[in-house]
Asks: 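So that we are looking at the same thing, I have put the structure below in structure tokens.
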2 protein chains.
Amino acid sequence: MPKASAKTSERRAAVIKALGHPSRLLIAETLMKGEMCVCDLKDLVGADMSTVSKHLTLMREAGVLNCEKRGLNIYYSLACDCLGDFLRCVDKLACGGKKTTCC
Amino acid sequence: MPKASAKTSERRAAVIKALGHPSRLLIAETLMKGEMCVCDLKDLVGADMSTVSKHLTLMREAGVLNCEKRGLNIYYSLACDCLGDFLRCVDKLACGGKKTTCC
DNA sequence: CATCTATTTGGCTTTTTAACCAAATAATGG
DNA sequence: CCATTATTTGGTTAAAAAGCCAAATAGATG
């Protein structure tokens with residue numbers, strides 16, 4: 001585990017932030033099953049195409065997604081197969097329940 | 001892996017968002033070594049105490065942190081020991097490098 | 001070449017998040 | 001009970017993120 005310099009902390013936070021939005025998380029979860037093109041992801045998310053495109057760009061720039069153009073479509077896919085482990089941890093935490101106060 | 005309903009997606013995203021800020025991530029990384037009180041975390045982060053307090057509240061409400069009051073201090077700790085796996089995945093992605101375009 | 005389809009970009013508005021300061025609360029010790 | 005220390009809350013302001021629309025770009029196809 002690398003030590004947390006300010007720089008790596010920023011970079012890590014960018015990756016995490018890229019997944020910390022409901023639509024983007026849904027996209028990532030869905031891409032675990034395989035690549036998809038933007039228009040299919042648009043249907044999945046149910047937002048404006050331009051909005052989805054911006055989410056995808058952000059995720060790609062964070063290093064979370066790869067993309068490849070084939071014909072008219074651009075296919076996005078996960079850059080890493082570790083997302084399962086990532087989500088397992090998230091789910092453990094998410095189920096912990098919201099504590100409104102500590103004492 | 002539970003299916004991603006809108007509700008669970010929201011909840012998961014909240015957990016992830018709680019870690020997707022440089023200061024909060026630094027706090028979480030530091031707490032892997034053990035609990036700390038707010039004033040120590042304030043020194044670590046180097047922000048106003050009230051700012052740090054709000055970060056901690058947000059993380060606690062997301063389910064990421066627990067806290068316990070002892071004497072005058074409140075000690076925060078990680079709610080789950082899975083953060084290592086989480087960060088391993090994040091680091092893999094963070095090292096992937098920023099691709100500015102796909103083609 | 002003109003056109004069609006898929007996607008990205010730019011611009012703008014609204015919402016959310018972050019930060020600080022000052023004031024409130026809570027437990028402790030004199 | 002008063003003062004002190006640790007922390008949270010409320011309020012305000014500034015900065016960042018998200019969404020939509022319209023326009024631009026890039027291949028594919030007739």
Side-chain angles (χ1 to χ4, degrees), chain A residues 6 9-11 13-28 30-31 35-62 64-77 98-103, chain B residues 6 9-11 13-28 30-31 35-62 64-77 98-103:
Chain A
S9 230
E10 277 285 348
R11 193 133 173 59
V15 169
I16 299 171
K17 214 179 300 183
L19 292 163
H21 179 286
S23 301
R24 293 197 293 261
L25 181 58
L26 179 59
I27 288 171
T30 304
L31 291 181
E35 63 172 23
M36 288 179 96
C37 70
V38 183
C39 53
D40 289 339
L41 290 169
K42 163 187 140 43
D43 292 341
L44 174 77
V45 167
D48 194 85
M49 170 96 86
S50 68
T51 299
V52 174
S53 174
K54 278 169 185 171
H55 281 312
L56 292 170
T57 299
L58 186 152
M59 294 172 86
R60 174 165 44 73
E61 287 183 351
V64 173
L65 298 186
N66 289 130
C67 64
E68 187 192 338
K69 186 158 198 169
R70 287 202 306 275
L72 272 180
N73 299 299
I74 299 185
Y75 292 88
Y76 279 86
S77 56
K98 166 177 307 196
K99 286 134 196 150
T100 46
T101 176
C102 68
C103 17
Chain B
S9 230
E10 277 286 348
R11 194 134 174 58
V15 169
I16 299 172
K17 214 180 300 184
L19 292 163
H21 179 286
S23 300
R24 293 197 292 262
L25 181 58
L26 178 60
I27 289 171
T30 304
L31 292 180
E35 63 172 24
M36 288 179 95
C37 70
V38 183
C39 51
D40 289 338
L41 290 169
K42 162 187 139 42
D43 293 341
L44 173 78
V45 168
D48 194 85
M49 171 94 86
S50 67
T51 299
V52 174
S53 174
K54 278 170 186 171
H55 280 312
L56 293 170
T57 299
L58 186 153
M59 293 172 86
R60 174 166 44 73
E61 288 183 350
V64 173
L65 299 184
N66 290 131
C67 64
E68 187 191 340
K69 186 157 199 170
R70 287 202 305 273
L72 271 181
N73 300 300
I74 299 185
Y75 293 87
Y76 279 86
S77 56
K98 166 178 305 196
K99 286 135 196 151
T100 46
T101 176
C102 69
C103 18

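Naming: A, B, ... by sequence-line order, numbering from 1 per chain.
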Asks: Whether B:Arg70 engages the ring of B:Tyr75 as a cation-pi pair (distance to the six-membered ring centre under 6.0 angstrom, angle to the ring normal within 45°) should be assessed.
Replies: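 Because its charged atom sits under 6.0 Å from the ring centre and within 45° of the axis, B:Arg70 does stack over B:Tyr75.
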Asks: Just N and O in the side chain of B:Tyr76: are any of them under 4.0 Å from OP1 or OP2 of D:dT8?
Replies: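 Yes.
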Asks: Taking only side-chain nitrogens and oxygens of B:His55, does any of them come within less than 4.0 Å of OP1 or OP2 of C:dA19?
Replies: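 So the side-chain polar atoms of B:His55 do come within 4.0 Å of the phosphate oxygens OP1 or OP2 of C:dA19, strictly under.
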Asks: Salt-bridged, A:Glu10 to A:Lys17, with N to O below 4.0 Å?
Replies: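 Answer for the salt bridge query: no.
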Asks: I need the CG-P distance between B:Asp43 and D:dT5, as an integer number of Å.
Replies: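 Those two atoms, CG and P, are 16 Å apart.
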Asks: Rounded to the nearest Å, what distance is computed from the CE atom of residue A:Met59 to the P atom of nucleotide D:dA18?
Replies: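 Rounding to the nearest Å, CE of A:Met59 and P of D:dA18 are 12 Å apart.
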Asks: Taking atom P of D:dG27 as reference, at what distance in whole Å does atom OH of A:Tyr75 sit?
Replies: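 Roughly 16 Å, once rounded to whole Å.
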Asks: How long is the line joining CD1 of A:Ile27 and P of D:dA18, in whole Å?
Replies: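 So the two atoms are 12 Å apart, to the nearest Å.
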Asks: For A:Thr51 and A:Lys17, take the nucleotide of DNA chain D holding the closest heavy atom to each; which residue's nucleotide lies nearer the 5' end?
Replies: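 Nearer the 5' end of the strand: A:Lys17.
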Asks: What is the separation between atom CE on A:Met49 and atom C1' on C:dT5, rounded to the nearest whole Å?
Replies: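 Distance, rounded to whole Å: 9 Å.
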Asks: Looking only at non-hydrogen atoms, find the nearest pair between A:Tyr76 and A:Leu41 and report the distance.
Replies: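 In this case the closest contact between A:Tyr76 and A:Leu41 is CB-CD1, 4.4 Å.
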Asks: Does a distance-only test, which skips hydrogens and angles, find a donor-acceptor pair under 3.5 Å between the side chain of A:Lys42 and the base of D:dG19?
Replies: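 By the distance-only test, no, there is no pair.
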Asks: Please determine, for the side chain of A:Arg24, which listed nucleotide (D:dT8, C:dC20, D:dA18) has the closest atom?
Replies: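 When the side chain of A:Arg24 is considered, D:dA18 is the closest of D:dT8, C:dC20, D:dA18.
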Asks: When you measure from the side-chain N and O atoms of A:Asn73 to the phosphate of C:dT7, is any distance below 4.0 Å, counting only OP1 and OP2?
Replies: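 Answer is yes, contact under 4.0 Å.
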Asks: Given D:dA18, C:dT7, C:dC20, which nucleotide is nearest the side-chain atoms of B:Ser50?
Replies: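 It is C:dC20.
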Asks: If you define the side chain from C-beta out and look only at heavy atoms, does anything of A:Asn66 sit under 4.5 Å from A:Arg60?
Replies: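 Not touching, per the 4.5 Å side-chain cut-off.
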Asks: Under a 3.5 Å distance rule, please check whether B:Thr57 uses its side chain to pair with a backbone N or O of B:Ser53 as donor and acceptor.
Replies: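 The answer is yes, because a donor-acceptor pair under 3.5 Å joins these two groups.
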Asks: Counting heavy atoms from C-beta on, name the nucleotide in D:dC20, C:dA26, D:dT7 closest to the side chain of B:Cys39.
Replies: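 Shortest atom-to-atom distance from the side chain points to D:dT7.
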Asks: Let me know the distance between CG of A:Asp48 and P of C:dG10, rounded to the nearest Å.
Replies: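 A:Asp48 atom CG is separated from C:dG10 atom P by 16 Å.
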Asks: I need the single residue from B:Leu56, B:Leu58, B:Val64 that forms a side-chain contact (heavy atoms from CB on, under 4.5 Å) with B:Arg24. Which is it?
Replies: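 When side-chain contact (heavy atoms from CB on, under 4.5 Å) is applied between B:Arg24 and each of B:Leu56, B:Leu58, B:Val64, only B:Leu58 qualifies.
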Asks: I'd like a list of close polar pairs between nucleotides 28-30 of chain D and the protein, N/O only, cut-off under 3.5 Å.
Replies:
none

